[in-house]
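Let me begin by presenting the structure, written as structure tokens, before commenting on it.
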Amino acid sequence: MIIDRENVAVRTILSCTNFDDLNVLEIGCGDGRITIGLHKKCKKLVAIDPCKESITTARKKFPEIDFRQGTGEALDCGNEKFDIVLFSLSLHHQNSCKALLETERVLAHDGYVLTLEPSIDSHISVICNIFRDESNELMEAMEAIHTSNFDLLSIQQIDTEWIFEDVQELYAWLHDFFPQKHHPSTIKQVDALLGEKTSAKPLIISDTLLLSELSPRL
């Protein structure tokens, strides 16, 4: 499985500003897929994730990066200040209002917050919703942005692709990512959404992300 082979998301994030002299905090780094694309483009990068296993994997893959276990709701950064705080597909996975409020404490003067979130109607999101529907969480995250102490400067749509060898690899990933009892009916629902793509090799599924840029309200 290949996610965003062309690194469209990272390139769009980097296009928001010149990262060269900036201190960046990434919240929700996972195993470092997005982190590694940002690492050499900024002055300093700290990447956190609540999952111990993900952080362990990320440290092994990219030992040169400062990975820490933590959550956006309670940032353990001491007196560190960051010019950019980036939520990498993670704002909706926590108390969005609390996490945005917490960023104010660590954000440097004239800093920005970037939130990268899945679009509710993205093809891959619709498929994943069969197993765990995150639509409400995504809507709550967007509402938190609009009611926060930040001004929403812009929202960019990012169109990427997930590439699977075939539909069997997609099934395997779904069963691994959603560790729950699966029924034949769920696979039938996936097939119905894929339509003629079920026989495609490789299987390419579109993914739509939304990148929001926020500035502290004066």
- Message: Is there a continuous path of hydrophobic side-chain contacts, each under 4.5 Å between heavy atoms, that joins Leu174 to Val126?
- Response: yes
- Message: Would you compute the distance between atom CD1 of Ile36 and atom CG of Asp31 and round it to the nearest 0.5 angstrom?
- Response: 11.0 Å
- Query: So, the side chain of Glu161 versus the backbone of Ser206: is there a donor-acceptor pair under 3.5 Å, distance only?
  - Reply: no
- Item | By side-chain hydrogen bond (donor to acceptor under 3.5 Å, both in side chains) - contacts of Lys44 (at least two apart) | Glu80
- Task: Using modelled atom types only, decide if a donor and an acceptor are shared between the side chain of His175 and the backbone of Tyr171 within a distance under 3.5 Å.
- Result: yes
- Message: For Arg5, is the CZ atom crowded, meaning more than 12 foreign heavy atoms sit under 6.0 Å from it?
- Response: no
- Flag, side chain of Asp151 to backbone of Leu153, donor-acceptor distance under 3.5 Å: no
- Looking only at heavy atoms, what is the nearest atom pair of Gln157 and Thr208, with distance? CG-CG2, 3.5 Å
- Quick one: list whatever passes side-chain hydrogen bond (donor to acceptor under 3.5 Å, both in side chains) with Ser148, sequence neighbours left out. none
- Task: Answer yes or no: is there a donor N or O on one side and an acceptor on the other, between the side chain of Ser125 and the main chain of Asp121, under 3.5 Å?
- Result: no
Would you be so kind as to tabulate the donor-acceptor pairs closer than 3.5 Å made by side chains of residues 53-63, with sequence neighbours excluded?
| unit_1 | atom_1 | unit_2 | atom_2 | d |
| --- | --- | --- | --- | --- |
| Thr56 | OG1 | Lys52 | O | 2.9 |
| Thr57 | OG1 | Glu53 | O | 3.0 |
| Arg59 | NE | Phe67 | O | 3.2 |
| Arg59 | NH2 | Phe67 | O | 2.9 |

Cut-off 3.5 Å, no hydrogens considered: what does the side-chain donor-acceptor table look like for residues 86-94, sequence neighbours left out?
| unit_1 | atom_1 | unit_2 | atom_2 | d |
| --- | --- | --- | --- | --- |
| Ser88 | OG | Glu26 | OE2 | 2.7 |
| Ser90 | OG | Ile27 | O | 2.7 |
| His92 | ND1 | Glu117 | OE1 | 2.9 |
| His92 | ND1 | Glu117 | OE2 | 3.3 |
| His92 | NE2 | Glu134 | OE1 | 3.1 |
| His93 | NE2 | Glu134 | OE2 | 3.2 |
| Gln94 | OE1 | Gly72 | N | 3.2 |
| Gln94 | OE1 | Glu73 | N | 3.4 |
| Gln94 | NE2 | Ser90 | O | 3.0 |

- Query: Measuring from Glu104:CD to Arg217:CZ, what's the distance to the nearest 0.5 Å?
  - Reply: 9.5 Å
- Message: Once you measure the plane-to-plane angle for Trp173 and Phe178, does it fall in the parallel (<30°), tilted (30-60°) or perpendicular (>60°) bin?
- Response: perpendicular
- Residues sharing Ile120's hydrophobic cluster, by side-chain heavy-atom contacts under 4.5 Å among ILVMFWY, directly or via others? Leu138, Met139
- Side chain of Ser199, backbone of Glu196: donor and acceptor closer than 3.5 Å? yes
- Determine whether Phe177 and Val167 fall in the same hydrophobic cluster, where Ile, Leu, Val, Met, Phe, Trp and Tyr are linked whenever their side-chain heavy atoms lie under 4.5 Å apart. yes
- Leu194 vs Gln189 side-chain heavy atoms within contact, under 4.5 Å: no
- Report yes if some heavy atom in the side chain of Lys188 is under 4.5 Å from a heavy atom in the side chain of Val190; otherwise report no. no
- Query: When rounded to the nearest 0.5 angstrom, what distance separates CG in Leu25 from CG in Leu114?
  - Reply: 11.5 Å
- Ala9 and Leu116 have their tightest heavy-atom pair at CB-CD2, 4.4 Å
- Query: So, for Leu211 and Cys16, which heavy atoms are closest and what is the spacing to 0.1 Å?
  - Reply: CD2-SG, 3.7 Å
- Item | Distance (rounded to the nearest 0.5 Å) between Leu209 CG and Asp4 CG | 7.5 Å
- Does CG belonging to Asp20 count more than 12 external heavy atoms closer than 6.0 Å? yes
- To the nearest 0.5 Å, how far apart are CG in Leu203 and NZ in Lys201? 11.0 Å
- Query: Donor-acceptor pair, Gln69 side chain versus Pro50 backbone, under 3.5 Å?
  - Reply: yes
- Item | Exercise: do Asp207 and Ser122 side chains pair donor with acceptor under 3.5 Å | yes
- Answer yes or no: is there a side-chain heavy-atom contact under 4.5 Å between Ile127 and Ile205? yes
- Task: Can you establish whether the number of heavy atoms outside Lys197 located under 6.0 Å from its atom NZ is more than 12?
- Result: yes
- Query: Any side-chain heavy atom of Arg11 within less than 4.5 Å of one from Glu6?
  - Reply: yes
- Give a yes or no answer on whether the side chain of Thr103 reaches the backbone of Leu100 with a donor-acceptor pair at less than 3.5 Å. yes
- How many angstroms lie between CG in Asn7 and CD1 in Ile3, if you round to the nearest 0.5 Å? 11.5 Å
- Task: Heavy atoms only: give me the nearest Gly30-Asp49 pair and the separation to one decimal.
- Result: N-OD2, 2.8 Å
- ILVMFWY network linking Ile84 to Ile48, side-chain heavy atoms under 4.5 angstrom: no
- Query: Leu170 and Met1: same hydrophobic cluster, using ILVMFWY side-chain contacts below 4.5 Å?
  - Reply: yes
- Note on the structure: Residues pairing under side chain to side chain donor-acceptor pair (under 3.5 Å) where one sits in residues 106-116, two or more places apart or in two chains, turn out to be none
- Examine distances only and state if a side-chain atom of Asn95 and a backbone atom of Lys98 form a donor-acceptor pair shorter than 3.5 Å. yes
- Item | Taking every non-hydrogen atom, the tightest pair across Leu152 and His146 | CD2-CE1, 3.5 Å
- Query: Is the shortest heavy-atom distance from the side chain of Leu38 to the side chain of Val10 under 4.5 Å?
  - Reply: yes
- Item | Common cluster, Ile13/Val8, ILVMFWY with side-chain heavy-atom separation under 4.5 Å | yes
- Query: Are Thr186 and Phe131 close enough that some pair of their side-chain heavy atoms sits under 4.5 Å apart?
  - Reply: yes
- Query: Hey, does the side chain of Asp166 reach the backbone of Glu169 with a donor-acceptor pair shorter than 3.5 angstrom?
  - Reply: yes
- Query: If we only count heavy atoms from C-beta on, is the Thr35 to Ile65 side-chain gap below 4.5 Å?
  - Reply: yes
- Message: For Phe82, run the side-chain contact (heavy atoms from CB on, under 4.5 Å) check against Leu22, Val106, Leu45, Val113 and tell me which one passes.
- Response: Val106
- Asn129 versus Ser135, closest heavy-atom pair with distance: ND2-OG, 3.5 Å
